[in-house]
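Below, chain A is the first sequence line, B the second, and so on; all start at residue 1.
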2 protein chains.
Amino acid sequence: MTSSRNVVSQLRKLISDGLYQPGERIGEVQVAEQLGVSRTPVRLAFRTLEQEGLLERAGKRGFQVREFTETDVRCAVEVRGVLEGLAARRLAEQGIASELDAELAFWIQKGRELLAKGYLVEADIEGWSELNRHFHEAIVKAAGSPVIGDAIARNNHLPFAAADSIIIDRQALEQEYRKLHQAQLQHELVVQALRQGEGARAEMLMREHAFIGLRYAELLG
Amino acid sequence: MTSSRNVVSQLRKLISDGLYQPGERIGEVQVAEQLGVSRTPVRLAFRTLEQEGLLERAGKRGFQVREFTETDVRCAVEVRGVLEGLAARRLAEQGIASELDAELAFWIQKGRELLAKGYLVEADIEGWSELNRHFHEAIVKAAGSPVIGDAIARNNHLPFAAADSIIIDRQALEQEYRKLHQAQLQHELVVQALRQGEGARAEMLMREHAFIGLRYAELLG
DNA sequence: GCTCTTTACTTTGGATCCAAAACAACCCTC
DNA sequence: GAGGGTTGTTTTGGATCCAAAGTAAAGAGC
């Protein structure tokens, strides 16, 4: 289990680092040697990564690294949007427990503090990524069924689809500050809607929020 | 590959047939013997089924059959609804090719023919399942990116979530006829919306359509 | 010279073997 | 009698071996 789990995550990293190019055929022995294990855990990992969508069957034999188009990226983001929107709507409809309310308030507060000084520094990127992930996870988790969370988790395996994969341009922290500021506002609006039991509004806000990493840059630049 | 693929689908069947109870621990050797193969393909299959969500890790060792609550079922149906809704909206927004238009028209026509006689016979169930699957697949496929289709496919691995898993009560074909009649109408409305480029309407119709197997019975009874 | 066939090599799939980890039962000690 | 440690059994994970399928290359026939 130790090694097997590691092989999966190591392979994920190798792929997203571009060591294995999209469309490139990927062999069991090759990977096994590179990671210093036998073929067995690699074979197991291939099956997992196939299901995750990072690998695909290459013809009649073996696997290849899946390649993603612009449209794929956009779709993956939209998929996350509708799924998180669904989670938010369900949550608003069933009402939020005071414990969850406190947790969301906590991450909202964290966001305010991070943005309070009016600009971004390098270290803030990690901080935002952290609070953003917690915020989204809290909502999805509270939606009542692991099924939605699983669907999101599987979608998030596509490296560009996860909520915390918001592309941050370290060269343009000024612009990124405005983007995160907007994201923070959206977080606060979502919480507002959740508290009021406004299901449709919470859903739409979450759906729009998913786009922030995708097409906000040009507007907020 | 032959055997490996088979092991996955055979196991899926054994699980959904209830031979392995939800929550029950499932051992590699046990399954291997039952299917007459060695442990290797079973181990591979377990990883696949874990990702599909039918199995889950049982503590520190092995797997167990996942159990699903009422809420899980409802959520899985809703997940399919929002995803197919997303596909339909994208499709409406980008416009449908004449080839797809013809295909959808074909399945619509099939549905009309099946329901034309005014009642259901046993054999119609299979026929409807067939055309229904084709109809849904055509829309999802045409939505432009495999990402949405993959997300739906993964969700459909939950046996009760797939569009063609509409529960048909063979004892009450009268009632089922009304249900399928309603489903047919919804199909036609979706096509209408798609042709008109009415994205939001297409989306909402698909989302509602997902519920038909779930909560229509009591109303149409 | 081109194509088809056969052969050799590469790579994956399945089975078996071995080691390590987990679980359970038992015994010993306090 | 209870708790903890130890031992033994079960089960999984990793490595290796063998067979089968696929691909590529080379040779023969036209």
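For residues 90-115 of chain A, the ring pair (Phe, Tyr, Trp, His ring centres under 6.0 Å) pairs, not counting sequence neighbours, are A:W107-A:H134.
Under the 3.5 Å distance criterion, the side-chain polar atoms of B:R154 are matched with a main-chain donor or acceptor of A:Q51. No side-chain donor-acceptor contact under 3.5 Å links B:D101 to the backbone of B:S98.
Scanning for salt bridge (charged side-chain N to carboxylate O under 4.0 Å, His left out) contacts around B:E67 gives an empty result, with sequence neighbours left out. Partners of A:R25 by salt bridge (charged side-chain N to carboxylate O under 4.0 Å, His left out), not counting sequence neighbours: none found. With sequence neighbours excluded, no residue forms a ring pair (Phe, Tyr, Trp, His ring centres under 6.0 Å) with A:Y20.
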Can you give me the N/O atom pairs linking the protein to nucleotides 8-10 of chain D at distances under 3.5 Å, or say none if there are none?
from: D:dT10; atom 1: O2; to: B:R61; atom 2: NH1; distance (Å): 3.4

For nucleotides 17-19 of chain D, print each protein N/O atom paired with a nucleotide N/O atom at under 3.5 Å, atom names and distance only.
none

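The phosphate of C:dG13 (OP1 or OP2) has a side-chain N or O of A:R47 nearer than 4.0 angstrom. Dashed line: the shortest gap from a side-chain N or O of A:S38 to OP1 or OP2 of D:dA15 is under 4.0 Å.
Atom P of nucleotide C:dT11 and atom CZ of A:F46 are separated by 12 Å, given to the nearest angstrom. The separation between A:Q64 atom CD and D:dG22 atom P is 17 Å, rounded to whole Å. Protein atom CZ of A:R57 is 15 Å distant from nucleotide atom C1' of D:dG22, rounded to whole Å. Between the P atom of D:dT23 and the NZ atom of A:K60 lies a distance of 7 Å, rounded to the nearest Å. As rounded to whole Å, 14 Å separates atom P of C:dT10 from atom CZ of A:R25. The CG-C1' distance, from B:L35 to C:dG14, rounds to 14 Å in whole Å. Rounded to an integer number of Å, the gap from CG of B:L44 to P of C:dT12 is 13 Å.
Residue-to-nucleotide proximity on DNA chain D shows that, of B:I26 and B:T40, the 5′-proximal contact is made by B:I26. Each of B:G36 and B:A58 has a nearest nucleotide on DNA chain C; the 5'-most of these lies closest to B:G36.
Salt-bridge formation is not detected for the pair A:R47/B:E50: no Lys NZ or Arg NE/NH1/NH2 atom is positioned less than 4.0 Å from an Asp or Glu carboxylate oxygen. Looking at A:E203 and A:R90, no side-chain N of the basic residue comes within less than 4.0 Å of a carboxylate O on the acidic one, giving no salt bridge.
No side-chain donor-acceptor contact under 3.5 Å links B:N132 and B:S129.
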